[in-house]
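Excluded from the calculations below are hydrogen atoms, water molecules and symmetry mates; all remaining heavy atoms, backbone and side chain alike, are included. Here the structure is a predicted model, which means the values were calculated and not measured.
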Amino acid sequence: MPTPQTKKLSKTRNLGIIAHIDAGKTTVTERVLFYSGRVHKMGEVHDGEATMDWMVEEKERGITITSAVTSCDWRGHAINIIDTPGHVDFTIEVERSLRVLDGAIGVFCAVGGVEPQSETVWRQADRYRVPKIAFINKLDRVGADFYRAVDMIEARLDATPLILQIPWGAEDQFNGVIDLIEMEAILWEDDTLGAQYRTTPIPEEMAEEASGYRERLLETMADNDDGIMEKYLSEEEIPVQELKEAIRNATIKMALVPIFCGTALRNKGVQPLLDGIVDYLPSPLDVPPIAGIHPGTGKTETRPAKPGGPLSALAFKVMMDQGRKMTYLRIYSGTLKAGETVFNPGKNIKEKPARLLKMHSNKRERIDDVSAGDIVAAMGLKITTTGDTLCTENDPILLEPIRINEPVISVAVEPKKVQGYDKLLEALKKLSDEDPTFKTKIDEETGQTLISGMGELHLEILTGRLKREFSVEINQGKPQVVYRETITAPSIQEEIFQRELGGQQHFAGVQVEISPLKRGSGNKFVNQCEAEELTEECLEAIRQGTHEAEGGGSLRGYPVVDVRTTLLNVQAKETSDAMAFRVAANMAFKQAFLKAEPILLEPIMKTEVLVPEAFTGDVIGDLNARKGKISQIVSKGSTQVLTANVPLSKMFGYSTALRSASQGRGTFSMQFSHYDQS
C-alpha cells in the first residue's frame, strides 16, 4: 500500500520550459501560474512585467536571462517549473536546469517552427534522457502553420510526434482546439482572460479532419502498446483512461512526444497543456533512480527517490542575493533539514544550510525541511558551487557533474578609478561563482584583467550588472575571440630535468610523442612506456605536467586542443621524484609542440538568418564577405532562412549590418559550432 510520502512523490512534477528565443516560454509560464491560481494578475513580457523575468536586464530587454524556479498546483499535483532562457549566450542556464528535471515542455512558434536554439535545447534534454511534450504556440499569428511545425519536430529533432490536439482555425480565425482523446472541441471565453472555457461537439467542417488524425493517433499508439494494439485490431472501443496510460508510458520511455497547441498570449490552450503535464510527464518515481560514484570505492550506486533513504542532492545553480550566496538544490533522495550538516564529497568538506527556501521567481518562502523530489534554494552554503553533490558523510555519493561549455569571447576590463581594482576583482569573483561559463583571468604579459563569456550579449549583461549591482564603473576594450591552438604534424621530444632545489637534487627524463587528432576529439594521453622505473605516482605526475602544458600553446598562449600525447620512455635515478617528472613532462610537451607545426583555431558559429526574399542577395553577399560558408537556404513563405558557418571574429556588430541590409526586417541567431583553422 502506498505511503503518504510515496503519494506525494507520485503527484509531483519537476519540469522545465525550453525553446528558441521569442517562442513564448515565459508567456506560457505566466499563463500556467495564472490559471493554476499561483498569481492573480498576468504579467506580459513586452510590458516588462512577467513574473519569471524579474531581473532589471530582463525587464528592459524582454528576454529571459536567468532560469527562474516557481511552483503551482493543478488537479492536486505539485508542479515545480523552471523557465529557461532561449538565447544561446545563456545556454548554461538550460544545461543545469535540464540536469535536474524529470520532464520538459518544448515550446515552438507556429510560424518559425523548429529554430536553431530549439534544436540545441532539445538535444540537451535528449542527452539527459528527459521526457518531453510539445506546445505549438502563436497559432493566432500571420503565417502560423501547425502541421509544418509538427513535421519539423519529426524531421529536425528525430522525434515521433503524437498529435493530441489539432487547431480549430488559424491566424486571426483561430478559435480553439480539437481534443483527439475525448473527441470534442474546446472554446475559450475571451471576456474571462481565458480562465473560462467550454467543450462543444466537433464542428461539421472539422469532423473528417479530426477523425483522420484520431485514427493516426490510435495507429501510432498501437505500434507502441500491445494492449492498445489488441483492441485496435479487433476494433474494440479503447477507454480514455487506458489510452492516456499508454501515452504516458510511451512519453516517459521517450518513444513519443505528445503535441498540444494554442496561443498563450491570447489565453488559449494552456489549461489542456496543464492537464498534459499531470497526465503524461513523469513524477520522480517514474524516472530511473539517480546514479553516482561512491567516492571511496569508485563503484556505481543508485539512489531511488525515497524521502526515508540516504540524502543525495545536486547544487545546480548559484545566485548572489543582495551580496549573499543562494544555492539551488535538487533533492534526489532522503530528507534535509535547515541547520543540518551535509557533506560535499567533491570538495571533501562539511557545510550547513542555515535556511531552506521555496522559490517563486525572486520571491521566497522559508521552510523547515525538504525531501526527495523537491527543488529548493539554500542559504549558508559557502563553498558549494554549481555541479557539486551534497550527501551525508556516512553514505557518500558523487553525482555526475554539470557539463559546462568553454567561453568563446573575451574583453579586457579595468576600473575607472584605480582604487576600485579590488572591488572589481571581488565583483567578478561573485559573478563567476554564479555563472560557470563566465571566466576571469589576469594576463601575465599585459597585466590586463580579461573576462570571457559565451557571446557579446552575455558579456554586455554581466558588465551591466557590475555597474548596477556592485557599483563598479569600468572601461572595457573591444571584444576578442578566444582561440585554440593545435598541431598539424607529429613530433617526438625528450627532455631531462636536473636541478638542485632547497639543497636536494631532482632528476627526471621524459620522452613523449605528440600527434594531431581530428577536430573536436579533445586531448588524449596514452602510456606506451614499459620501463620499470615508471611508478604509478610518476605516471600521474607526467599526466599532470602534460595537462598543465596543454593549458597554453606556444603561438599565443591559448589552450591546446585535439592532440594525442604518447609517453614513450622515462629516465630515473635515486633523486627522481614526482615533481621532477611533472616538470620534465611539461618541458617535453612544450618543445614537441613547437616542432609540430602549430596552428591557431578559431570558433566557428552556426548562424541562421531569417530575411525577406527581396534582401536575400545582399545578405548572402555580406555573409560571404565575412568568410561565411552558406550550407542551406530554405523558403518559409516570403521569408528565406539562410544557414551558414561563420568565424566568430567576423560576426561582431552583425546585427547592425543585417538591419542595414534588410531595412530592419532581418533577424539572426547564432550558436557555437566548432573550432577550425582561421
Side-chain angles (χ1 to χ4, degrees), residues 3-9 12 14 54 66-71 73 78 80-82 96-97 99-102 284 289-290 292 294-296 301 303-399 401-402 426 429-430 433-434 436:
T3 65
Q5 290 175 327
T6 307
K7 277 187 178 177
K8 177 199 162 192
L9 275 171
T12 298
N14 291 318
W54 57 270
T66 184
S67 53
V69 179
T70 189
S71 59
D73 292 308
N80 295 316
I81 303 170
I82 300 183
R96 56 187 174 189
S97 299
R99 172 68 178 79
V100 299
L101 292 170
D102 303 324
I290 192 73
H294 189 289
E301 294 186 359
R303 293 281 170 87
K306 289 181 182 174
L311 175 69
S312 62
L314 187 77
F316 68 93
K317 180 179 169 72
V318 171
M319 277 192 70
M320 290 301 157
D321 176 55
Q322 297 173 354
R324 291 173 300 172
K325 186 174 171 184
M326 185 159 68
T327 309
Y328 284 80
L329 306 174
R330 162 70 196 261
I331 314 295
Y332 285 102
S333 66
T335 301
L336 174 63
K337 291 179 178 165
E340 192 173 61
T341 300
V342 293
F343 181 58
N344 181 331
K347 295 188 165 71
N348 197 26
I349 53 156
K350 292 178 185 176
E351 292 253 57
K352 192 178 284 188
R355 281 185 288 158
L356 297 173
L357 306 166
K358 188 176 182 182
M359 300 301 295
H360 173 49
S361 188
N362 63 329
K363 298 179 180 68
R364 67 201 63 179
E365 176 192 332
R366 196 162 174 173
I367 50 179
D368 295 326
D369 56 61
V370 290
S371 60
D374 288 335
I375 294 176
V376 294
M379 305 293 286
L381 297 172
K382 293 175 184 168
I383 300 172
T384 298
T385 55
T386 299
D388 284 358
T389 303
L390 296 178
C391 55
T392 58
E393 201 168 7
N394 295 335
D395 289 294
I397 189 169
L398 200 53
L399 303 177
I402 292 169
E426 186 185 339
K429 167 76 169 62
K430 286 181 177 177
D433 282 347
E434 269 192 30

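Considering only heavy atoms from C-beta on, R324 comes within 4.5 Å of M379 through its side chain. Counting heavy atoms from C-beta outward, N344 and I383 have side chains that stay 4.5 Å or more apart. The shortest distance between side-chain heavy atoms of L9 and P307 falls below 4.5 Å. With contacts defined as side-chain heavy-atom distances shorter than 4.5 Å, the pair I349/F343 does not qualify.
Taking E340 as the reference, L336, K337 meet the side-chain contact (heavy atoms from CB on, under 4.5 Å) condition, with sequence neighbours excluded. Qualifying side-chain contact (heavy atoms from CB on, under 4.5 Å) partners for D73, counting only residues two or more places apart in sequence or in other chains: A78. Listed by chain and residue number, nothing satisfies the salt bridge (charged side-chain N to carboxylate O under 4.0 Å, His left out) test with K358 (two or more places apart in sequence, or in another chain). Residues passing the side-chain contact (heavy atoms from CB on, under 4.5 Å) test with R366 are R355, L357, sequence neighbours excluded. With sequence neighbours left out, the side chain to side chain donor-acceptor pair (under 3.5 Å) criterion links T389 to no other residue.
Among all heavy-atom pairs drawn from P353 and V342, the shortest one is CD-CG2, 4.1 Å. Nearest heavy-atom pair across R99 and P401 is NE-O, 4.0 Å. Minimum heavy-atom separation, P295 to P345: CG-CB, 4.0 Å. Minimum heavy-atom separation, P396 to R303: O-NH2, 3.7 Å. Closest approach of T386 to K317, counting heavy atoms only: OG1-CA, 4.2 Å. Among all heavy-atom pairs drawn from L356 and D369, the shortest one is CD1-CA, 4.0 Å.
Each of L399, T384, T327 was compared with L390 under the side-chain contact (heavy atoms from CB on, under 4.5 Å) criterion, and only T384 meets it.
The number of heavy-atom neighbours closer than 6.0 Å to NZ of K325, taken from other residues, nucleotides and ligands shown, is above 12.
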- Walk me through it: do I82 and Y328 pass the test side chain to side chain contact (heavy atoms under 4.5 Å, CB included)? CA-CA 12 Å; I82 300 183; Y328 284 80; over 6 Å; no
- Trace of the side chain to side chain contact (heavy atoms under 4.5 Å, CB included) decision for L381 with L329: CA-CA 11 Å; L381 297 172; L329 306 174; 4.3 Å; yes
- Message: Does V100 form a side chain to side chain contact (heavy atoms under 4.5 Å, CB included) with N14? I'd like the steps, not just the answer.
- Response: CA-CA 8 Å; V100 299; N14 291 318; over 6 Å; no
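Salt-bridge check for E434 with K430: failed, with every basic side-chain N at 4.0 Å or more from each acidic carboxylate O.
Side-chain atoms of S333 come within 3.5 Å of backbone atoms of P310 as a donor-acceptor pair (strictly under, hydrogens ignored). Under the 3.5 Å distance criterion, the side-chain polar atoms of E301 are left unmatched by any main-chain donor or acceptor of I397. Looking only at distances, no side-chain donor or acceptor of T392 sits under 3.5 Å from a matching main-chain atom of L311. Using modelled atom types, no side-chain atom of N80 and backbone atom of D374 make a donor-acceptor pair closer than 3.5 Å.
Listed by first then second residue, pairs satisfying salt bridge (charged side-chain N to carboxylate O under 4.0 Å, His left out) with a partner in residues 378-396 read K347-D388, K350-E393, not counting sequence neighbours.
A cation-pi arrangement is present between R330 and Y332, with the terminal nitrogen or guanidinium carbon under 6.0 Å from the aromatic centre and inside a 45° cone about the axis.
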